[in-house]
Structures are given as C-alpha cells and as structure tokens.
Amino acid sequence: MEEGLLRKNLALIKSVADRAGVEIILAFKSFAMWRSFPIFREYIDHSTASSVYEARLALEEFGSKAHTYSPAYTEADFPEIMRCSSHITFNSLSQFHRFYPVVVAEGSGISCGIRINPEYSEVETELYNPCAPGTRFGVMADPLPEELPVGIEGFHCHCHCESSSYELEHTLEHLEGKFSRWFSQIKWLNLGGGHLMTRKDYDVEHLVRLLQGLKGRYSHLQIILEPGSAFTWQTGVLSSEIVDIVENRGIRTAILNVSFTCHMPDCLEMPYQPAVRGAEMGDAGPYVYRLGGNSCLSGDYMGLWSFDHELQIGERIVFEDMIHYTTVKTNMFNGIHHPAIAMWTKEGKAEVFKQFSYEDYRGRMS
C-alpha cells in the first residue's frame, strides 16, 4: 500500500462527508489492515463490522465502537457484540425481537436498527447482489407494521457493489418510494457500501448533490455511508515473481509464487481481473501468457495476457489495485506462503507490517 495514495482517497471521502453533511465510515469486510488505522482516524471516526472479531477490531484497534450488522447473531456472540458496538442492525424482525430485550437490559445506549430491502439493485453479478430473488438479506416493506416496534431507531440498506452515483440515485427512488413513510419514526439511515467515489470516472459532485437533497428532504435523519473499496481503491499492489514457464497445446503459462485461489480469490469467485503492470488483457500481442498460481487447484490461473517481451523466470509480475478484498479473503490452502504486507510511507520508506511464517499456517490448522 502507498500512504500517499491512501491519503488522497481519504481526503476526497472526507470532503464528500463534510460538504454533504453525512458520515462516511470504513467497512472492515473490504479492508482491515489495522496498522494503517491511525492514518484513517485523521479523516474518519468510525467503522462498520459484520462479526465479533471485526467489532472487537473496531473498538481495540480503530479506537471507536462499531456500527455492526450481521445476517444473524447468536447468544454466544451477542454480549461481545454489544460491548464493541455503538449501533447494531438486525437482519430480520425475529432477530430484533429476540435480542433487543438484551440490549435494553444491558442499558448501554446502543442504537438499534433494521436492515431493509428495497427490492432493487443494479448489481449484475448475482453472487454480489443482495437484492436477488430469494435473498436472505433485509426486511421488505410489506411485513413492516405502520408503527415500528419500540427500539428501532434506524434503517440500513445495502444494494450496491462498486456502483456509481447514478445507481444510488435510482436506488433512492425505490427506497423512498417503499420506506419513506417510516422515516419520521427513525433517527438514522445507513445507505451501506458499494459507493465507489474514488474511482476516476465517478461523479463526485452528483453524489454530493444527491446526499444534500436527501438531507434536505429528511433533515432529522443522520445519513451514513459505509464503503469499503472506495477507501483503498488503487492504493496498492500485489508483487509476484515468475518461478517457471510451461507450455501445453500452444498455451504458455507463467507460474508465479502467488496463488489466485489463496491470495486473490475474487479473480476466481467473480468476473474480476486486476490490471497487470506492463501487460494487456487478451491474446492480441506478440507474447501471450496465461498467469498461473502455485497451488494444486487446476483452475488456479487467470486469463490470457499480452506482453511486449518474452517473459523470463525470476521476472516480477505486479498486479495493480490488490489491497481491498484481498488481505481480508486470503486463505492458506496447500500451506502456501503468504505475501508480506507493507506500506510505502509518505517519506518514501518501506514499513513492513507483517511477514508470515510456518507458525501462521500451523496455528490455523489446529
């Protein structure tokens, strides 16, 4: 990760929050590199968690209690969730009725809310579409009583993924059309994540106007956004090395010392491919290679890439924009060594946050 690029994103996000009069918080599900949290705290105050561990990380490392949402809480986890949270969103009315009495008995002042489902999303990949038919996420408008149950102070809506401000505009039309009649009964509205405001083609001014308009229509509501990718978009790379080159039926594969299934699972889970420095996607160039990982999974490879030269063993291959949704989703399949995690500071120094060892693998296996 490059500190200068991170600060550039953070400054833009803070500007949006300040101008629009909303709060923007960090979603740990995309990025949880806690050694960088002191930098984040210069720009934002809170984070969002989806589990006991993320909530504890918010309190102990980010330094403030979490806005917590989980599809389902358990009796075993809920006391720790309460200790570490300022806001708790419930996925269903049954979960709310089950656990809200515990919140009241604790007397902790936690603000509770319910996740709502506007039945609208422009996310095309079903794996990442929280409003797909049969979804397990959120309460639709029909089951909600005209008078909300005592204790529901907020609505949480999440139906975006790397989306534009215009998709948010469409979402707000559906959200307000279905749920605005309850807005007078709540204190906050969380618009979830997926607002990729740091992408170059994102219309930031349109986003600010949208949020200002929403605040103008419902001035009593605290508006919250909790993007993940936007904070660390284009801020860091995964650097690998070619360890072998093999050829089979005319396909040459450069085998790397990293793994797609272990270190870049989004490349296999959904149609996502990062840019490769010095290469073009496809087979139009003079030197075409498939990039292969070093696990024994047959499908541990990514696409075809065209280079302007013959690749060599020992050559470095750099994957761009591999900070968000990478370190949080890695695994140790095959016991494959994890890449070290580091930051280029604004002073131009390499600060290594973590180097992995056999003990990390051994500790996870028993």
Side-chain angles (χ1 to χ4, degrees), residues 1 6 9-10 13 23-37 40-41 44-74 77 80-81 84-91 95 113 115-117 121 123 125-132 135-138 154 156-163 168 190-199 224-236 238 262-270 272 274 321-331 341:
M1 169 171 273
L6 174 63
N9 284 356
L10 287 165
I13 289 170
E23 182 172 20
I24 303 179
I25 63 181
L26 170 66
F28 284 171
K29 73 175 185 178
S30 168
F31 180 82
M33 192 187 296
W34 58 270
R35 290 186 186 273
S36 67
F37 288 171
F40 281 79
R41 286 306 305 270
I44 64 172
D45 295 324
H46 296 99
S47 58
T48 181
S50 299
S51 65
V52 168
Y53 290 168
E54 285 189 347
R56 183 173 172 182
L57 195 72
L59 179 61
E60 298 182 3
E61 302 298 340
F62 202 82
S64 59
K65 291 188 175 183
H67 294 232
T68 303
Y69 160 79
S70 175
Y73 301 105
T74 66
D77 289 346
E80 184 72 348
I81 290 286
C84 300
S85 304
S86 61
H87 295 66
I88 297 178
T89 295
F90 296 93
N91 186 59
Q95 279 263 302
R115 178 163 176 168
I116 56 175
N117 187 332
S121 175
V123 176
T125 303
E126 188 165 332
L127 179 67
Y128 281 0
N129 183 0
C131 296
T135 180
R136 69 191 193 279
F137 293 135
H156 179 131
C157 172
H158 175 69
C159 54
H160 293 157
C161 178
E162 297 186 0
S163 302
L168 173 60
N190 187 324
L191 296 174
H195 313 279
L196 195 47
M197 62 191 76
T198 51
R199 187 172 57 195
I224 303 164
L225 284 74
E226 47 178 44
S229 300
F231 281 96
T232 52
W233 186 259
Q234 296 288 352
T235 62
L238 174 61
C262 294
H263 308 136
M264 299 171 276
D266 271 357
C267 295
L268 304 184
E269 287 181 2
M270 68 174 296
Y272 170 75
D321 194 25
M322 293 302 292
I323 291 293
H324 55 89
Y325 284 109
T326 48
T327 55
V328 295
K329 296 180 77 170
T330 56
N331 62 74
I341 299 172

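- The aromatic rings of H324 and W233 lie parallel to each other, their planes meeting at an angle below 30°, with 60° marking the opposite boundary.
- When atom types are taken as modelled, the side chain of T74 and the backbone of D77 share a donor-acceptor pair closer than 3.5 angstrom.
- Not one N or O on the side chain of S70 forms a donor-acceptor pair closer than 3.5 Å with the backbone of Y73.
- Side chain of S121 to main chain of C159: a donor-acceptor pair is present (N/O by atom type, distance under 3.5 Å, no hydrogens or angles).
- With hydrogens and angles ignored, the 3.5 Å screen pairs no side-chain donor or acceptor of T89 with any backbone N or O of G113.
- The main-chain N or O of C131 is never found under 3.5 Å from a side-chain atom of N117 such that the two would form a donor-acceptor pair.
- In this structure, the side chain of S36 does not engage the main chain of W34 through any donor-acceptor pair within 3.5 Å.
- The two residues Q234 and D321 have their closest heavy-atom pair at N-OD1, 2.6 Å.
- A pairwise comparison of heavy atoms in A66 and A55 identifies CB-CA, 4.2 Å as the closest pair.
- Judged purely by atom type and a 3.5 angstrom limit, R136 has no side-chain atom pairing as donor or acceptor with the backbone of N91.
- In this structure, the side chain of S85 engages the main chain of I81 through a donor-acceptor pair within 3.5 Å.
- Counted by atom type alone, E23 and H46 present one or more donor-acceptor pairs between their side chains at under 3.5 Å.
- The two atoms that bring T327 and I323 nearest to each other are OG1-O, 3.9 Å, heavy atoms only.
- At a cut-off of 3.5 Å, with distance as the only test, no side-chain donor of S64 or D45 sits close to an acceptor on the other residue.
- Side-chain atoms of E269 do not come within 3.5 Å of backbone N or O of P265 as any donor-acceptor pair.
- With hydrogens and angles disregarded, a donor-acceptor distance shorter than 3.5 Å links the side chain of H158 to the backbone of G193.
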